[in-house]
Protein chains: 2
Amino acid sequence: MSASTESWQERLRASGHRLTPQRELVLAAVEKLGHATPDEVYAEVRLHSESINLSTIYRTLELLNELGLIRHAHLTDRAPTYHSATGHEHAHFVCRGCKKMISVGRGEMEAALGELAATYDFSPDYGHLTVFGTCADCRED
Amino acid sequence: MSASTESWQERLRASGHRLTPQRELVLAAVEKLGHATPDEVYAEVRLHSESINLSTIYRTLELLNELGLIRHAHLTDRAPTYHSATGHEHAHFVCRGCKKMISVGRGEMEAALGELAATYDFSPDYGHLTVFGTCADCRED
DNA sequence: GTATTTGCAAAGTTTTTGCACGTGG
DNA sequence: CCACGTGCAAAAACTTTGCAAATAC
């Protein structure tokens, strides 16, 4: 975990960007929250700095996303959800009923989907896959 | 295909709704387009009726979605993508690079994921699965 | 010092809502 | 007929952009 916290600053610099407190705060917020919309990130960052602006949140999320430090998906209707990309990769089974999330190791998912993906000459983003469906508890017919 | 075109009107009526030309046009547009954002549906519907309003498109898409006649996903950044639910089910591989979508039959996807899903006692929504990744053309390293 | 980044405010997009009129059943 | 649905216009929600001041290096 310390291995990745060392390199993100370097990655910023390497790409010609500057290390600002806003960028640290946004990344920290995304990592703390796990999954969050821009608004939620803003609220979290606001707890630590009064003056940061929403547009900075958007610009920073976009930058961190480009650098691969965070990822985003559009799980809900209005608003993308961002999350850290520095932790270990895993896919999710998400229950539409109770919203429960079951984490599945990247390896298991890759083993299951690999062959099919190869057939289509496609390289899935295994560490980032979300499979919607119904869990055992919510399946009653 | 004629089997399902018979029942959607019934499904509307059964749920206490009325059969209007706007609703027919919107459903037809979604089925014709395959995948479309509300705006694209609007454009398509406009070809057939000058007077239909965008807000009607939104209201109708929401209704058809509730009735299960169409489904939607949030594949791209701004704007949900609607598609018919009356046709045959399929999953998608979506390339993050070129945005190309590869359709995969439900059966194939189920065959690949079934065992893993069973392990977790989870029932994936195979007909609506979207797997992000990179297609052959965009994979160059 | 100077090029990047930020805050602010204003504009752009997409989606929702209130209401009077129109229309399907 | 009468409740449901539609068009219209205005508002809300979300995101982007221009620019001067601030700041990282």
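By convention in this document, chain letters (A, B, ...) are assigned in the order of the sequence lines, proteins followed by strands, and residues within each chain are numbered from 1. Quantities reported herein were computed from a predicted structural model and do not represent experimental measurements.
With hydrogens and angles left out, the side chain of B/Ser55 and the base of D/dC8 share a donor-acceptor pair within 3.5 Å.
Atom P of nucleotide D/dC4 and atom CG of B/Leu67 are separated by 15 Å, given to the nearest angstrom. Between the CD1 atom of B/Ile57 and the P atom of D/dT6 there is a distance of 10 Å, rounded to whole Å. In this structure, the OH atom of B/Tyr82 is 10 Å from the C1' atom of C/dT15, given to the nearest Å. One atom, OH of A/Tyr42, and another, C1' of C/dG7, lie 10 Å apart when rounded to the nearest Å. Residue B/Leu61 contributes atom CG, which lies 12 Å from atom P of D/dT6 at whole-angstrom precision. For B/Leu63 and D/dG5, the CG to C1' distance is 10 Å, given to the nearest whole Å. Nucleotide C/dT2 holds its P atom 12 Å from the CZ atom of A/Arg18, rounded to whole Å. Between A/Leu25 atom CG and C/dT6 atom C1' the separation is 13 Å, expressed in whole Å.
Using a 4.5 Å cut-off on side-chain heavy atoms (C-beta onward), B/Arg106 and B/Leu129 make no contact. Side-chain contact between A/Leu64 and A/Val30: absent, with no pair of heavy atoms (C-beta onward) separated by less than 4.5 Å.
Proximity of B/Gln22 to the phosphate of D/dG7: a side-chain N or O atom is located under 4.0 Å from OP1 or OP2. OP1 or OP2 of D/dG7 lies within a sub-4.0 Å distance of a side-chain N or O belonging to B/Thr56. OP1 or OP2 of D/dT15 sits under 4.0 Å from a side-chain N or O of A/Tyr58.
Counting non-hydrogen atoms under 4.0 angstrom, B/Leu54 reaches a base of the nucleic acid.
In terms of position along DNA chain C, the nucleotide closest to A/Ser51 lies nearer the 5' end than the nucleotide closest to the other residue of the pair A/Ser51 and B/Pro38. Across the interface with DNA chain C, nearest-nucleotide mapping of A/Arg23 and B/Glu62 shows A/Arg23 to be the residue nearer the 5′ end.
Between A/Asp39 and A/Thr37, the side chains place no donor N or O within less than 3.5 Å of an acceptor N or O (distance only, hydrogens not considered).
Considering only side-chain atoms of B/Arg59, the nucleotide from C/dT15, C/dG7, D/dG7 that sits closest is D/dG7. For B/Asn53, the side-chain atoms get nearest to D/dG7 when compared with the rest of D/dG7, D/dC25, D/dA3.
A donor-acceptor pair is defined here as one N or O able to donate and one able to accept, closer than 3.5 Å; such a pair exists between the side chain of B/Arg23 and the backbone of B/Arg18.
When each of B/His72, B/Glu40, B/His92 is tested with B/His35 by the rule side-chain hydrogen bond (donor to acceptor under 3.5 Å, both in side chains), just one qualifies, namely B/His92.
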